[in-house]
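The shown structure was predicted, so the numbers you read here are calculated from the model rather than taken from an experiment. Both backbone and side-chain heavy atoms feed into the values below; hydrogens, waters and symmetry mates do not. Numbers restart at 1 for each chain; the letters A, B, ... are given by sequence-line order, proteins then strands.
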Number of protein chains: 2
Amino acid sequence: MPGKAGKRATVHDIAAAAGVSRGTVSRVLNGGYVSATARAAIERAIREVGYVPNTAARNLVMQRSQAIGFIVLEPHSLFLEDPNIGGIMLGANSTLSAADYQMVNLVVDSERDTARITRYLSGGFVDGAIIVSARTHDPIIQVVGSLALPSVFVGHPRDLHPDIPYVGIDNLASAEEITRRLLATGRRRIGMIAAAVDRDSGADRLAGFQQALGPLYDETLVADVPLYDFACGAKGMRTLLEREPEIDGVFAASDAVAAGAMEALREAGRAVPADVGVVGFDDSSWASRTRPTLSTVHQPADDIGAYAADMVLRQLKGEQITRRGVLLPSPIVWRDSA
Amino acid sequence: MPGKAGKRATVHDIAAAAGVSRGTVSRVLNGGYVSATARAAIERAIREVGYVPNTAARNLVMQRSQAIGFIVLEPHSLFLEDPNIGGIMLGANSTLSAADYQMVNLVVDSERDTARITRYLSGGFVDGAIIVSARTHDPIIQVVGSLALPSVFVGHPRDLHPDIPYVGIDNLASAEEITRRLLATGRRRIGMIAAAVDRDSGADRLAGFQQALGPLYDETLVADVPLYDFACGAKGMRTLLEREPEIDGVFAASDAVAAGAMEALREAGRAVPADVGVVGFDDSSWASRTRPTLSTVHQPADDIGAYAADMVLRQLKGEQITRRGVLLPSPIVWRDSA
DNA sequence: GTCTGATGTGTGAACGTGCACACAGTAGGA
DNA sequence: TCCTACTGTGTGCACGTTCACACATCAGAC
């Protein structure tokens with residue numbers, strides 16, 4: 001590895017070593033008319049001097065940052081608990097770094113941070129953005145819409161800007177499908193622990209549940225909880241048991257909620273799946289930890305991240321986005337809880 | 001917000017608006033002799049034109065990237081499972097972005113990636129690095145040592161470069177302390193499920209366990225498992241039960257391992273904590289999910305991240321690092337499992 | 001022989017910033 | 001009066017890259 005200590009090699013050094021001008025070196029690097037002999041000499045020189053392009057200089061003249069913002073609109077604590085965000089992040093990061101883009105993480109903790117994010121997005125620090133967990137009516141949606149920043153939403157809030165594509169899963173159809181299976185196993189008094197209904201994912205899962213039950217749907221058998229977590233699940237289940245002791249099936253809005261529900265059922269002396277069938281959502285690590293293991297909807301977090309990154313990259317290449325959004329397949333995983 | 005659509009404002013625009021030269025604007029921005037009137041005019045102009053400094057141009061002339069690498073030497077899957085990395089990342093990110101540094105995530109999945117990382121670190125893409133989970137004898141340690149890159153290790157492998165500080169917790173002392181408490185509750189046949197002993201954290205936890213037991217230490221009561229996870233915990237516990245059916249206490253190398261162990265104990269018909277006391281490590285979400293809840297060692301992940309970031313920042317400011325490393329307090333959390 | 005088009009190559013300018021330097025004005029002391 | 005020190009300001013250059021332009025060479029057609 002030559003030049004490890006001294007100054008970094010530049011295009012000038014390559015040009016000198018290969019006996020050509022900077023312009024020709026640039027053409028080898030970026031494409032253009034270059035003779036075979038010159039190209040060979042330059043490529044050899046590049047290896048010899050251990051050339052690595054200077055990102056700052058390139059960005060300066062190209063008027064771009066070669067960075068993509070990964071914006072998570074969640075408090076820190078939720079960011080850590082959500083079983084999908086990590087996978088989405090990793091998936092996006094792989095795709096982005098393969099295309100020589102740098103991912104910049106932005107966790108928007110409080111509402112006040114919106115101003116900071118706006119400044120960041122409009123300040124030229126990123127060439128595009130992947131926005132995760134935008135709540136319905138989130139002000140950031142309008143901001144990104146008015147900026148002409150190539151971006152993509154993970155999830156699909158109803159009121160998002162028509163020009164900005166989304167990638168996600170079909171929460172409604174998956175919720176409907178897994179609820180149907182609960183019906184197919186003979187359950188009749190089926191309840192739901194609905195979480196985070198202020199978000200598109202939460203609202204859609206509830207809608208799918210309702211759609212699957214049809215006339216069997218009973219509003220009193222829906223417990224509303226704020227978060228997708230264990231404690232909320234336990235609380236929601238206790239509410240349901242109180243309202244309807246004969247309950248024999250539960251669709252929990254997430255695996256963590258389902259685990260909480262199973263805990264509450266255990267406390268109440270109900271067996272799963274003998275007395276009550278339980279299904280979850282996410283196929284997170286919770287699902288294989290519970291006893292019995294949990295039937296759930298698999299979220300392809302890695303693919304979602306990769307796809308989202310790809311969509312931003314395509315916009316950056318000037319491709320016209322024709323489809324408003326994509327819903328990736330989210331297969332159901334049958335285990336022991338229902 | 002003026003200039004939202006057109007070109008971004010530069011120092012020239014400010015200078016023109018304030019009726020001064022670029023140099024004076026630069027001095028307002030970076031400190032230097034500026035008259036009160038000029039300063040006021042410039043500050044007003046800055047607000048008026050909505051100036052945001054161009055990072056690329058600044059980085060180019062300053063010969064730095066204003067970015068810090070957050071390098072995780074783990075496969076993707078482990079990165080997602082580890083209960084601490086997320087918190088460390090968030091903690092580091094907060095400190096870094098407060099200091100106007102950008103965190104760049106690098107997850108080194110395979111051994112081959114070491115070459116890519118080396119190129120990245122020596123290529124001027126980052127001004128410093130936070131390196132997480134370096135295994136003993138990891139080649140990256142030598143690379144960072146030979147580059148004069150300001151960096152810090154999270155954890156403290158024995159053979160790290162003497163000039164590079166570390167931040168972590170005292171795995172040995174904490175392991176010793178929690179094992180002692182197991183002794184204090186009257187347990188006498190105490191085993192350990194040791195995980196990842198090729199890493200400093202794993203080796204230290206085992207050493208602490210051994211030290212606490214003293215003459216009571218029995219090598220046959222240590223089950224070695226490769227990973228800090230649930231499945232390994234269950235397997236390790238079965239091994240221990242087979243070797244010593246009279247076992248009455250277990251120190252698991254992590255909460256996930258402890259949860260697996262509790263599962264194996266349940267299968268074997270042993271009650272926790274009545275028959276067997278169990279303690280874990282990490283104070284992750286596992287600890288409050290298990291029944292009974294798990295006594296464990298709390299890892300201040302957020303603080304570790306923040307402290308690591310701060311140490312890199314201080315090196316960047318030219319501060320001499322006198323202490324080789326810092327061990328943050330990791331209090332023991334007593335719950336129901338022992 | 002000269003025009004035209006394709007293929008190569010070199011040069012100058014520009015991107016936006018920070019810093020070194022030159023320079024101007026003022027005040028105080030010898 | 002001159003020298004020095006201090007405060008304040010403007011200008012040129014450098015950072016490493018890309019791009020537009022000018023120019024050179026060569027083949028084939030007229």
By ring pair (Phe, Tyr, Trp, His ring centres under 6.0 Å) - contacts of Y51(B) (at least two apart): none
Calculate the interatomic distance between R39(A) atom CZ and dT7(C) atom P; express it in whole Å. 14 Å
Can you find a pair of side-chain heavy atoms, one from N105(A) and one from M89(A), that are under 4.5 Å apart? yes
Side chain of Q63(B): nearest nucleotide among dG16(D), dG8(C), dG10(C)? dG16(D)
With respect to the phosphate group of dG8(D), does any side-chain polar atom (N or O) of T24(B) fall under 4.0 Å of OP1 or OP2? no
Side-chain N or O of Y33(A) closer than 4.0 Å to phosphate OP1/OP2 of dG8(C): no
Could you tell me whether the phosphate oxygens of dT9(C), OP1 or OP2, come under 4.0 Å of any side-chain nitrogen or oxygen in S35(A)? yes
Partners meeting salt bridge (charged side-chain N to carboxylate O under 4.0 Å, His left out) with D310(B) (sequence neighbours left out): R314(B)
Please work out if A56(B) contacts a base, only the sugar-phosphate, or nothing of the nucleic acid, heavy-atom cut-off 4.0 Å. nothing
Once rounded to the nearest 0.5 Å, what's the spacing between atom CG of D100(A) and atom OG1 of T55(A)? 8.5 Å
Residues passing the salt bridge (charged side-chain N to carboxylate O under 4.0 Å, His left out) test with R64(A), sequence neighbours excluded, are none
What are the two closest non-hydrogen atoms of S151(A) and Q315(A), and how far apart are they? O-NE2, 3.0 Å
Identify, between L60(B) and V34(B), the residue whose nearest nucleotide on DNA chain D lies closer to the 5' end. V34(B)
Give every donor-acceptor pair under 3.5 Å between a side-chain atom in residues 34-43 of chain A and any protein atom, sequence neighbours left out.
from: S35(A); atom 1: OG; to: T37(A); atom 2: OG1; distance (Å): 3.3
from: S35(A); atom 1: OG; to: A38(A); atom 2: N; distance (Å): 3.2

Listing time: all N or O pairs from protein to nucleotides 17-21 of chain D that are below 3.5 Å?
from: dT17(D); atom 1: OP1; to: Y51(A); atom 2: OH; distance (Å): 2.4
from: dT17(D); atom 1: OP1; to: N54(A); atom 2: N; distance (Å): 3.3
from: dT17(D); atom 1: OP2; to: V11(A); atom 2: N; distance (Å): 2.6
from: dT18(D); atom 1: OP1; to: N30(A); atom 2: OD1; distance (Å): 3.4
from: dT18(D); atom 1: OP1; to: N30(A); atom 2: ND2; distance (Å): 3.2
from: dT18(D); atom 1: OP1; to: R58(A); atom 2: NE; distance (Å): 3.0
from: dT18(D); atom 1: OP1; to: R58(A); atom 2: NH2; distance (Å): 3.0
from: dT18(D); atom 1: OP2; to: S26(A); atom 2: OG; distance (Å): 3.4
from: dT18(D); atom 1: OP2; to: N30(A); atom 2: ND2; distance (Å): 3.4
from: dT18(D); atom 1: O4; to: R22(A); atom 2: NH2; distance (Å): 3.2

Between S65(A) and N59(A), does any side-chain donor sit less than 3.5 Å from a side-chain acceptor? no
Got a list of protein N/O to nucleotides 23-25 of chain C N/O distances below 3.5 Å?
none

